Amino acid sequence: MVRHQSSAAGVLALLHEPDTVFKQHALKSLNSLVSQFWPEISEQIADIEALYENNELPREARDAAALLAGKVYYYLGEYDEALSFALGAGSAFEAETRVYGSEEFVETVVSKAIDRYIQLSREGIEKIDPKLRTIIEGIFARCISEGEYKQAIGIALESRRLDVIAAIYNQTHDISLLSYAMEAVVDTGFSLSYREQVLEFLLPLFPPPSAGESTHVHALTRLLITLSKPSLTVPFLTSLVPKENLLAYQFAFDLTEGGAQDYLESVRTQLPEGDEKTKEVYDKLRSILTGQESVKLYLQFLKRNNHADLLVLKHTKDVLEARSSIYHTALTLQNAFMHSGTTSDVFLRDNLEWLGLASNWSKFSATAGLGVIHKGYFEQGMTILGPYLPQTGGESNVPGTAYSEGGALYALGLINAGCGTGTAVTTYLRDTLRGATGEIVQHGAALGLGVAGMGSKSMEAFEDLKHTLFMDSAVAGEAAGYAMGLIMLGTAAEEPVREMLSYTRETQHEKIIRGLAVGIAFLFYGRQEEASDTIDLLLSEKDPILRYGGVFTLALAYAGTSNNDAVRKLLHIAVSDTSDDVRRAAVTSLAFLLFKNPSQVPRIVQLLSESYNPHVRSGATLALGIACAGTGLQDAVEILEPMTKDSVDFVRQGAFIALGMVLVQQSEALSPSMANIQSSYTKVVSDKHEDPLARFGAAVGQGLIDAGGRNVTISLQSRAGSKNTSAIVGMVMFCQFWYWYPLAHCACLAFEPTGIIGLNGDLKIPKFEYVSNARPSLFAYPPPTKTPKKETVTKVATAVLSTTAKVKAREKRKAAAEGETMDIDVKAEPDADVEMKADDSKASTSTKYTRKSEPSYEIKPNFSRVTPTQLAHIAFPNDGRYRPVRPVSTRMASARPGRGFSLDIVSERYAGGGGILILADSRPDDEAEYIELEPPVPVPAVVQSPAAPAVSIGNGHAIRAPPSGPHIALNEHAPEADPPESFEYPFDDDT
């Protein structure tokens with residue numbers, strides 16, 4: 001019979017015996033009883049600690065006392081004390097790891113040991129307790145022996161033990177582990193200085209890439225872009241030039257996708273000239289790094305594959321009152337987004353009467369829309385916009401011309417966005433800004449200069465904008481504030497920040513304060529902890545506009561990092577600030593922190609989307625739209641769809657816009673809600689009783705869902721997985737449409753063409769084919785909208801007896817056999833032998849059962865659209881002539897800090913996005929066929945000359961017309977088309 005012990009009093013009494021043997025026996029027994037009697041034992045914790053400190057006792061007894069004290073403190077919840085005594089237990093604690101029932105105690109102590117080791121390492125303390133170091137070394141050894149490499153890397157990163165990462169790689173030679181370490185340190189909010197230290201440590205560990213065999217091109221590209229150090233990038237590119245020219249070209253194109261302007265320009269200028277053999281290669285690299293080669297190729301891609309549905313635009317035009325400024329702007333944005341980068345101005349040409357109804361700022365937006373439509377056509381930008389740009393000799397005195405001139409300057413900046421530093425264009429915009437006297441033209445010039453010179457860090461441009469700011473004009477000063485931040489993007493320069501902050505306290509114009517507040521946010525883009533003081537300063541201001549800027553400063557400083565502290569701070573502001581604008585901005589800004597983990601965003605904003613405050617609900621819509629853009633994420637759609645029926649108009653507006661972002665490039669086969677959303681857009685736009693804001697949101701949502709002729713997605717990540725700076729900035733500017741509609745045009749900066757464009761070593765475009773191993777309907781273009789048929793009045797059917805129907809049916813068959821025609825109404829009976837034809841509007845019953853089987857794959861040619869979801873299904877035939885030198889896509893994991901020391905994988909995605917691929921030619925001696933790019937269309941003489949006579953419109957006010965631009969027929973084998981006719985932009989007089 002087993003007797004259960006009911007108290008530890010007897011064993012505790014032995015601790016006070018003078019004989020050491022009794023004490024040792026008591027400590028050993030109490031260690032096994034502590035889980036049951038720890039409250040009783042804790043009353044004598046002082047005596048147990050005294051035994052641990054008694055140097056006269058044997059080492060074994062002292063270790064047992066330390067272990068017992070550690071367990072008591074563990075059960076008391078004093079984990080730091082538990083760790084201290086566990087470390088003092090030495091061999092006794094090591095033995096405890098093998099004792100059944102002690103797992104929870106050991107795990108907690110080890111976790112606390114790791115936390116303390118990490119803390120001491122971060123503080124730079126070199127003298128760490130050897131016992132603590134021994135525990136950590138044992139953890140590393142155990143993880144490596146058990147193959148838990150990612151856990152070991154997570155602990156090593158947090159504890160600054162980069163030598164462990166090198167040891168793991170030297171043992172495994174697994175490049176994916178280096179990529180994991182790189183992604184972890186970039187995505188989880190480590191300090192900037194430590195992040196750079198880790199990335200510079202990892203770069204030489206990556207093996208030299210080789211064409212066709214390199215699976216880590218995306219990781220290296222992301223690493224170089226994140227560091228943005230020409231001193232590392234230039235040697236890397238030059239190391240490829242002798243033997244891997246194709247890979248060098250590929251890296252140059254990939255760096256251009258996500259690199260900042262000043263970084264790319266520095267790399268370009270520091271590349272060597274080369275010798276006789278390599279000069280041509282370096283010249284090509286310099287050309288690629290300007291960004292202009294990519295822009296040209298994507299422009300051609302969007303022109304060739306334009307599938308914009310003009311009937312959608314026609315319907316919107318027919319149902320929205322054009323004389324209403326908000327509706328005219330809505331259709332302007334819808335048309336601009338749907339034709340972004342396609343250079344197609346067909347809708348404008350076909351609707352001159354509608355276009356002529358624009359006035360004042362609607363005219364500004366309509367002209368700026370040309371910049372979205374012709375985005376990337378930098379070669380002809382000045383020519384296209386020439387008739388609207390301020391003429392030589394100063395601004396026009398014709399009333400209303402200033403709006404079209406200002407819009408044209410803004411459009412010029414949009415056309416040249418991402419095309420390198422654009423010295424000629426930025427110089428022209430600076431000269432115009434200095435020479436302009438009207439605030440409208442200054443407004444357009446400042447916005448254009450900011451967008452075209454984004455990230456150039458030009459102090460000359462900054463000084464010109466500052467001069468405009470100090471004029472204290474509300475309209476011009478607002479644009480100058482935004483532009484100053486765009487020019488100095490990510491610099492965190494002290495003097496510009498000080499000057500901008502100082503002026504926010506001197507001016508009385510809310511517009512200027514808002515422009516400067518957001519401009520300061522741009523200055524701290526990606527600066528993380530360096531922005532802390534400015535963030536705290538702005539968030540503590542009494543002026544809600546400055547707190548609004550503080551919210552965006554926080555979001556942009558930690559953009560893409562999912563930083564827990566930043567997320568918590570935004571959530572706190574979202575529910576506590578006294579200003580509705582600040583609360584709305586805080587919720588929206590969550591998207592800029594979390595866009596790399598879109599699947600987590602619906603869960604985070606679910607409760608906010610149900611808030612009693614409509615501004616919080618509105619912010620939740622844009623947060624979902626921006627963070628989940630292009631994913632078709634059903635969780636996001638399920639939150640947004642009910643919000644399209646919200647009781648507040650601007651919440652419905654945000655829901656419609658967000659749905660357009662989420663569902664861009666989705667098909668009905670992939671997103672079951674697609675048809676319902678499209679239908680609701682049409683219904684709301686058509687409903688004259690609906691609120692104007694909701695109709696505006698539905699129209700803009702339609703433009704976003706079909707953006708770029710249905711050939712672009714919206715992505716805040718580059719194809720390599722790094723932050724897409726242009727897209728993030730564009731979305732922040734788009735969010736300001738709440739206050740100023742023309743800023744909505746900046747959404748086009750986030751449009752990323754989704755196609756595969758293959759180039760050979762000569763940067764020519766060969767004809768070749770690849771395979772999409774998926775049903776074509778999954779990724780097909782949406783079917784075009786059909787013209788609605790007019791309803792016809794039908795007579796009520798007359799009741800007919802079954803016998804009469806049978807007789808008439810027999811007569812009809814007899815007449816048909818005799819070749820006669822008879823007008824006979826026949827009512828079908830189940831047993832009547834009558835041939836039923838399918839009506840145009842209703843499918844016949846047999847259609848359901850005779851559906852043609854769909855192939856499981858499709859062959860696609862070069863220059864075809866490939867959506868991000870489709871990338872996983874793309875394959876190049878093994879026997880094909882051309883193969884890409886890097887993978888089309890790479891599966892990438894998004895990590896976040898886990899339980900104090902580990903890194904949890906929260907989502908996986910495919911990086912790469914197709915894009916521009918350099919191809920290795922397996923048969924270089926064979927003749928190749930190439931795709932010829934369309935030459936620029938000659939611009940009619942009337943457009944080429946600014947002094948050309950303008951056609952008089954209406955009451956004598958004449959506005960010169962834009963050229964047709966580069967839009968021509970896409971038949972490669974057709975004869976060269978005649979230049980399209982120019983047309984007049986028929987704006988009404990504003991007088």
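None of these values were measured; they are calculated from a predicted model.
Note: Phe337 and Phe751 meet the aromatic proximity criterion, with ring centroids under 6.0 Å apart. Aromatic ring centres of Tyr482 and Trp740: separated by at least 6.0 Å.
One N or O on the side chain of Thr332 and one on the backbone of His328 form a donor-acceptor pair closer than 3.5 Å. Without hydrogens or angle criteria, Thr367 side chain to Lys363 main chain gives a donor-acceptor distance under 3.5 Å. With hydrogens and angles disregarded, no donor-acceptor distance shorter than 3.5 Å links the side chain of Asn335 to the backbone of Leu331.
Nearest heavy-atom pair, Thr316 versus Gln702, reported as atom, atom and distance to 0.1 Å: OG1-OE1, 3.6 Å. The two residues Leu357 and Ala322 have their closest heavy-atom pair at CD1-CB, 3.4 Å. Nearest approach of Ala480 to Leu465, heavy atoms of both residues: CB-O, 3.7 Å. In terms of heavy-atom proximity, Gln261 sits nearest to Gly418 at NE2-N, 4.4 Å. For the pair Thr867 and Phe779, the tightest heavy-atom approach, listed with the atom from each and the gap, is OG1-CD2, 3.4 Å. Of all heavy-atom pairs spanning Ala559 and Phe595, the tightest one is C-CE2, 4.2 Å.
Put simply, the side chain of Leu389 reaches to within 4.5 Å of the side chain of Tyr428, judged on heavy atoms. Using a 4.5 Å cut-off on side-chain heavy atoms (C-beta onward), Cys735 and Ile626 make contact. Looking at Thr754 and Val866, their side chains never come closer than 4.5 Å, going by heavy atoms from C-beta outward. By the 4.5 Å heavy-atom criterion applied to side chains, Thr621 and Ile657 are not counted as neighbours. Phe378 places none of its side-chain heavy atoms less than 4.5 Å from the side chain of Val425. No side-chain heavy atom of Leu704 sits under 4.5 Å from any side-chain heavy atom of Val664. Two residues are said to be in side-chain contact when any heavy atoms from C-beta on lie closer than 4.5 Å; Phe592 and Met731 meet this criterion. Here the side chains of Met338 and Leu313 are in contact, with some heavy-atom distance below 4.5 Å.
In this structure, CZ on Arg584 lies 6.0 Å from NE2 on His615, to the nearest 0.5 angstrom. Atoms CG and NZ, from Leu749 and Lys375 in turn, are 6.0 Å apart once rounded to the nearest 0.5 Å. Rounded to the nearest 0.5 Å, atoms CZ (Phe734) and CD1 (Ile714) are 8.0 Å apart. The distance from atom NE2 of His374 to atom OG of Ser344, rounded to the nearest 0.5 Å, is 8.5 Å. How far CZ of Phe737 is from CZ of Phe696: 6.0 Å, rounded to the nearest 0.5 Å. Considering CE of Met454 and OG1 of Thr426, their distance stands at 13.5 Å, rounded to 0.5 Å.
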With side chain to side chain contact (heavy atoms under 4.5 Å, CB included) as the criterion, how do Leu385 and Ile415 come out once you've worked through the C-alpha distance, each side chain's angles and the decisive distance to 0.1 Å? CA-CA 10 Å; Leu385 297 168; Ile415 287 176; 3.8 Å; yes
side-chain hydrogen bond (donor to acceptor under 3.5 Å, both in side chains) evaluation trace for Gln665 with Thr713: CA-CA 7 Å; Gln665 285 202 342; Thr713 189; 4.8 Å; no
Under the side chain to side chain contact (heavy atoms under 4.5 Å, CB included) criterion, do Phe552 and Ser589 qualify, and how do the steps go? CA-CA 7 Å; Phe552 277 106; Ser589 294; 3.8 Å; yes
Carefully, step by step, assess Lys723 and Tyr525 under the rule side chain to side chain contact (heavy atoms under 4.5 Å, CB included). CA-CA 11 Å; Lys723 293 181 294 187; Tyr525 170 77; 3.7 Å; yes
Working for side-chain hydrogen bond (donor to acceptor under 3.5 Å, both in side chains), residues His315 and Thr682: CA-CA 8 Å; His315 174 262; Thr682 304; 5.2 Å; no
Step by step, work out the side chain to side chain contact (heavy atoms under 4.5 Å, CB included) result for Gln666 and Ile705. CA-CA 8 Å; Gln666 299 296 311; Ile705 209 169; over 6 Å; no
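Checked against Tyr403 for a ring pair (Phe, Tyr, Trp, His ring centres under 6.0 Å), the options Phe364, Tyr410, Trp361 give a single hit: Trp361.
Using a 4.0 Å cut-off between charged nitrogen and carboxylate oxygen, Arg695 and Asp687 do not count as a salt-bridge pair. Contact check on Lys296 versus Glu379 returns a salt bridge, with a Lys/Arg side-chain nitrogen under 4.0 Å from an Asp/Glu carboxylate oxygen. Salt bridge Asp649/Arg652: absent, no basic N to carboxylate O contact under 4.0 Å. By the 4.0 Å N-to-carboxylate-O rule, Glu690 lies too far from Lys683 to be salt-bridged with it.
Counted by atom type alone, Asp580 and Asn613 present one or more donor-acceptor pairs between their side chains at under 3.5 Å. There is a side-chain donor-acceptor pair under 3.5 Å between Ser325 and Ser362.
Note on ring orientation: taking the six-membered ring where Trp is involved, the planes of Phe650 and Trp738 are perpendicular (angle over 60°, cut-offs 30° and 60°). Taking the six-membered ring for Trp and thresholds of 30 and 60 degrees, Phe656 and Tyr681 have ring planes inclined between 30 and 60 degrees apart.
Atom CD of Glu510 is surrounded by 12 or fewer heavy atoms from other residues, nucleotides or ligands within 6.0 Å.
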